[in-house]
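Below: one structure, written as structure tokens.
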2 protein chains.
Amino acid sequence: MSDQDPLPSPKQRQVLEAARMLFMAHGYGPVSMEMVAKQAQVSKATLYAYFPSKDRLFATIVGDACLRASVDESSYPTEIDDIGAALREIGERLLRFLLQPNTMAIYRVVVAESARFPELGAAFMAAGPQAFLNRFTLWLRGQMAAGHLAIDDVGMAAEQFGAMLRSSHFMRATLGLTDPADDAAGIEHTVREAVATFLCRYRATQEG
Amino acid sequence: MSDQDPLPSPKQRQVLEAARMLFMAHGYGPVSMEMVAKQAQVSKATLYAYFPSKDRLFATIVGDACLRASVDESSYPTEIDDIGAALREIGERLLRFLLQPNTMAIYRVVVAESARFPELGAAFMAAGPQAFLNRFTLWLRGQMAAGHLAIDDVGMAAEQFGAMLRSSHFMRATLGLTDPADDAAGIEHTVREAVATFLCRYRATQEG
DNA sequence: GTCTATAGGCCGATAGAC
DNA sequence: GTCTATCGGCCTATAGAC
């Protein structure tokens with residue numbers, strides 16, 4: 001999506017930052033090159049010197065945002081004596097990440113423009129949901145090896161856990177219906193219940 | 001969202017149909033009033049005689065589409081001897097409905113423009129996901145009364161079932177990554193596993 | 001490299017004839 | 001009610017001065 005970045009000049013970084021802010025806030029259509037130039041304190045001609053067209057600028061910005069926003073979950077709990085507590089920590093961290101305004105903004109823009117820019121959908125999926133599923137599947141395998149879990153289809157189990165976490169919180173946030181009452185109690189309740197259902201099926205019958 | 005409809009004239013119906021097709025296919029920005037007029041075989045002035053602005057036309061079209069596309073699940077299975085089979089039928093019906101191009105188109109448009117037209121997000125949520133949850137929650141209560149299920153938080157159970165059904169199929173379809181392999185085997189597998197996990201937690205310990 | 005100025009085109013909305 | 005014709009404005013993209 002992004003070419004090599006050979007020391008982007010200050011002006012170029014201003015352009016990238018301005019375009020990122022505007023595209024994330026308003027999407028593709030409503031943002032004009034004039035707005036980007038003004039926000040970046042650069043003339044339109046300079047803007048076009050860096051990026052050959054609005055399409056290219058948009059695809060670059062959003063593609064990079066997808067990569068940059070990949071879930072930063074490098075450290076899942078490793079020393080486990082309570083598998084439920086570990087799952088709740090992972091779940092709450094993921095759900096809070098998903099509901100961040102930044103994440104929501106990227107998702108909205110990608111959904112809106114994935115028809116016009118088909119590569120965006122794949123880039124987002126690979127950097128976001130798929131990256132989480134891969135990492136979490138690996139973690140689940142570790143817990144199986146440690147005797148905490150017993151799963152036949154690990155990929156499906158990971159999907160089910162992620163899905164129950166999102167539940168309708170993610171969709172509500174996507175549609176701008178962010179119920180303030182959800183933020184604290186609702187999220188914790190959803191996570192707790194998701195872990196309960198997950199363990200009901202996948203907890204190893206004999207621990208240790 | 002829609003006012004009373006006092007016998008819409010043929011021209012008006014042409015306009016509504018043309019606008020519905022175009023907005024669902026391309027979203028708000030890329031569709032011009034000139035395109036709508038041409039598609040409806042009507043002049044722009046006539047178009048503006050029926051709808052005072054592009055905003056109003058769009059909100060009317062999409063709001064009505066949300067209402068019209070509310071899940072038509074009036075008849076859930078009632079005579080149950082296999083609760084698993086009943087859940088699989090409900091699940092497969094819902095998931096197939098969600099993945100229809102029509103449903104996807106509405107969802108994409110609503111996500112894209114819910115920032116500009118805040119009422120659309122609420123209308124979609126009420127007519128779609130919330131309507132399903134309400135109906136399904138009622139059905140679950142019936143099955144509890146019949147002794148097939150034992151659920152503490154019925155609303156949460158309904159959410160979990162719906163979420164596990166969507167899993168990542170819905171997001172993939174939303175982003176235009178409709179894997180052709182999903183259509184048959186993938187959907188059935190997802191439904192079967194969702195029901196299995198759901199029943200693992202919520203099946204009544206003593207049937208009958 | 002960066003600017004100002006503008007070409008060239010499409011859009012939303014309206015005025016006025018019929 | 002419906003049309004044609006057009007206004008005023010904003011857009012992407014570029015040419016040419018510095």
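Numbered from 1 within each chain, the chains take letters A, B, ... in sequence-line order.
- Under a 4.0 Å N-O distance rule, the pair A:E188/A:R192 qualifies as a salt bridge.
- Look at NZ on B:K38: it is 12 Å from P on C:dC10, rounded to the nearest Å.
- For the helix from C:dG1-D:dC18 to C:dC18-D:dG1, the axis fitted to the five pairs at one end and the axis fitted to the five pairs at the other end meet at an angle of 10° (nearest 10 degrees).
- No contact: B:V36 has no heavy atom under 4.0 Å from any strand.
- Across the protein-nucleic acid pair, B:K54 atom NZ and D:dG9 atom P stand 19 Å apart, rounded to whole Å.
- Between the NE2 atom of A:H26 and the P atom of D:dC10 there is a distance of 17 Å, rounded to whole Å.
- Under the 3.5 Å distance criterion, the side-chain polar atoms of A:E159 are matched with a main-chain donor or acceptor of B:S168.
- Rounding to whole angstrom units, CE of residue B:M35 and P of C:dG12 are separated by 10 Å.
- Ring planes of B:F136 and B:Y76: perpendicular class, angle over 60° (limits at 30 and 60°).
- When each of A:A49 and B:S53 is assigned the nucleotide of DNA chain C with its nearest heavy atom, A:A49 is the one assigned upstream, toward the 5' end.
- Distance B:M33 CE to D:dT4 P: 17 Å, rounded to the nearest Å.
- Using a 4.0 Å cut-off between charged nitrogen and carboxylate oxygen, B:R108 and A:E113 do not count as a salt-bridge pair.
- One finds no side-chain N or O of A:Y48 lying less than 4.0 angstrom from the OP1 or OP2 phosphate oxygen of C:dT2.
- Nucleic acid contact for A:F51: none, since no nucleic acid atom lies under 4.0 Å from a heavy atom of the residue.
- Per the geometry, CG belonging to B:L47 stands 12 Å off P belonging to C:dT14, to the nearest Å.
- Taking 4.0 Å as the cut-off between side-chain N and carboxylate O, B:R96 and B:E92 count as a salt-bridged pair.
- B:Y50 has its OH atom 7 Å from the P atom of D:dG1, to the nearest Å.
- At least one donor-acceptor pair closer than 3.5 Å links the side chain of A:K54 to the backbone N or O of A:Y28.
- Taking the charged nitrogens against the carboxylate oxygens, B:K38 and B:E34 have no contact shorter than 4.0 Å, which rules out a salt bridge.
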Yes or no on side-chain contact (heavy atoms from CB on, under 4.5 Å) for A:I106 and A:C66, after CA distance, side-chain angles and deciding distance? CA-CA 7 Å; A:I106 296 176; A:C66 287; 4.1 Å; yes
Tabulate protein N/O versus nucleotide N/O from nucleotides 3-5 of chain C, keeping only pairs under 3.5 Å, one per line.
residue: C:dC3; atom: OP2; partner: A:S43; partner atom: N; Å: 3.0
residue: C:dC3; atom: OP2; partner: A:S43; partner atom: OG; Å: 3.2
residue: C:dC3; atom: OP2; partner: A:T46; partner atom: OG1; Å: 2.6

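- Between B:E34 atom CD and C:dT14 atom C1' the separation is 14 Å, expressed in whole Å.
- No donor-acceptor distance shorter than 3.5 angstrom exists from the side chain of B:T46 to the backbone of B:V42, with no hydrogens or angles considered.
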